[in-house]
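Note that ligands are numbered from 1 as they come in the structure, with each ligand's atoms numbered from 1 the same way.
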Amino acid sequence: MLKNNIMAAQHSPFDLNQFLATRTAAVNAALNQFLPSEKTKPATLHKAMRYSLFAGGKRMRPAVLLAAAAACGGQAADAMPLACAVECIHTYSLIHDDLPAMDNDDFRRGKPTNHKIFGEGIAVLAGDALLTQAFEIAGQAKGWPRYSHRDLVLEIARASGSLQLVGGQVADLEGENKKLSLNELRYIHERKTSALLCCTVRLGGMSANCTPGQLQALTAFGSNIGLAFQVIDDILDVTQTSEQLGKTAGKDVAVQKATYPAIVGVEKSRKIATQLTNKAFAALKIFKGKAVALEALAEYLLKRDK
Ligand code: GRG
């Protein structure tokens with residue numbers, strides 16, 4: 001039986017701060033190489049793409065991808081194109097989510113949103129270009145005996161498409177001003193947030209040519225931390241300030257959005273996030289201590305304050 005306390009990783013000597021600092025620097029350098037320069041024509045578009053991509057995101061998805069690769073004995077260099085591809089998709093989704101036609105937000109990653117600086121037209125196009133850029137970057141990954149380029153492209157396309165990321169956003173839009181059940185909310189969170197995080201973890205394993213058993217374990221880990229991530233995001237919206245979050249806090253309550261805290265309260269939401277994280281830990285057992293970075297990241301994501 002799962003406890004409401006977190007099960008593992010507290011006593012790990014693993015230095016997560018150092019892991020995050022080094023991986024973020026490496027990901028930023030790689031993204032800088034993959035993206036056309038600010039001066040490349042059309043300069044406004046490339047400026048807008050880079051503005052949001054380098055606005056100071058936490059880089060959690062690349063970190064998780066690289067940690068999953070490490071758990072399976074892979075090399076960071078092999079995983080890097082996939083880590084950058086996922087961050088481009090994530091950033092596109094944030095740019096579009098912030099648009100007046102969607103969540104209509106003025107701040108993201110501690111800065112004015114893309115459309116506030118570049119206008120709505122360019123913001124839409126910067127998002128489109130980042131989504132396409134992701135596939136161009138992923139196409140430069142190596143491909144492995146168990147996982148061909150085709151598998152990698154399908155993995156990313158499925159997590160980002162109408163059945164997952166975009167489908168979740170549609171359900172989110174259509175759920176506005178409606179009283180949703182916990183199951184309906186979970187449906188949205190699983191698609192809008194968890195699907196891309198789960199795909200990210202799986203891609204890390206694939207970049208290390210992981211075994212089918214390892215991929216199954218990573219899938220269980222990814223779907224659980226993915227859902228926990230959005231439950232925590234819902235909690236932070238009501239417990240933190242806009243300054244702490246770098247985006248408008250209290251927005252969900254202001255627009256009467258269905259969230260975990262709105263439906264079950266903050267305390268129960270925390271318990272649910274802890275239970276999901278414990279399920280994620282349990283899935284890592286087969287790595288026999290080699291998934292320390294993934295464990296530390298799961299604990300960090302649960303305890304994060306921004
Ligand atoms: C297709 C027009 C069109 C729009 C699609 C799919 C989509 C736009 C939006 C959904 C994306 C969304 C806002 C998901 C929520 C996920 C989430 C909690 C994002 C915040 O992630 P963090 O905290 O952000 O990792 P940073 O800025 O640190 O990277």
| said: Under 4.0 Å, counting heavy atoms only: does Arg59 come that close to any atom of ligand 1? | reply: no
| Considering only the protein, which heavy-atom contact is closest to atom 18 (C) of ligand 1, and what is its distance? | Gln230 OE1, 3.4 Å
| query | Is there a donor-acceptor contact under 3.5 Å linking the side chains of Thr277 and Thr274? | reply | no
| message | With no hydrogens and no angle check, just 3.5 Å: does a side-chain donor-acceptor pair link Arg202 and Thr219? | response | yes
| task | Name the closest protein heavy atom to atom 16 (C) of ligand 1, giving the residue it belongs to and the distance to 0.1 Å. | result | Thr193 OG1, 3.5 Å
| task | Identify, for atom 22 (P) of ligand 1, the protein heavy atom at the shortest distance, and state residue, atom and that distance. | result | Lys58 NZ, 3.4 Å
| query | Side-chain donor-acceptor pair under 3.5 Å between Thr259 and Asp252, yes or no? | reply | no
| query | Can you tell me which residue and heavy atom of the protein come closest to atom 3 (C) of ligand 1, and the distance to 0.1 Å? | reply | His96 ND1, 3.5 Å
| said: Among all the protein's non-hydrogen atoms, which is closest to atom 12 (C) of ligand 1, and how far away is it? | reply: Lys192 CG, 4.1 Å
| said: Under 3.5 Å, is there a donor on one side chain and an acceptor on the other for Asp97 and Gln169? | reply: yes
| message | Regarding Thr241 and Gln244, do their side chains bring together a donor and an acceptor under 3.5 Å, going by distance alone? | response | yes
| query | For the residue pair Ser269 and Gly265, what are the closest heavy atoms and their distance? | reply | OG-O, 2.6 Å
| said: Distance under 4.0 Å to a non-hydrogen atom of Met102: what atoms of ligand 1 satisfy this? | reply: 2 (C), 3 (C), 4 (C)
| field | Proximal ligand 1 atoms for Asp233, defined as those under 4.0 Å from one of its heavy atoms | value | 18 (C)
| So which protein heavy atom does atom 8 (C) of ligand 1 come closest to, and at what separation? | Ser93 O, 3.7 Å
| field | Protein contact to atom 1 (C) of ligand 1 [nearest heavy atom, distance to 0.1 Å] | value | Tyr92 OH, 3.5 Å
| Where the closest heavy atom to atom 29 (O) of ligand 1 is concerned, which of Lys247, Arg109, Arg304 has it? | Arg109
| task | Considering only non-hydrogen protein atoms, determine which one is nearest to atom 10 (C) of ligand 1 and report residue, atom name and distance to 0.1 Å. | result | Gln169 OE1, 3.2 Å
| said: Assess the residue pair His189 and Tyr260 against the criterion (ring pair (Phe, Tyr, Trp, His ring centres under 6.0 Å)); give the C-alpha distance rounded to whole Å, side-chain angles, the decisive distance to 0.1 Å, and a yes or no. | reply: CA-CA 10 Å; His189 283 10; Tyr260 270 72; 5.5 Å; yes
| task | State the atoms of ligand 1, each with its element, that fall below the 4.0 Å cut-off from a heavy-atom position in Leu94. | result | 19 (C), 27 (O)
| task | Go through the side-chain N and O atoms of Asp105 and Thr113 and say whether any donor and acceptor fall under 3.5 Å apart. | result | no
| Is it the case that Arg304 places NZ or CZ above or below the six-membered ring of Phe229, under 6.0 angstrom from the centre and within 45 degrees of the axis? | yes
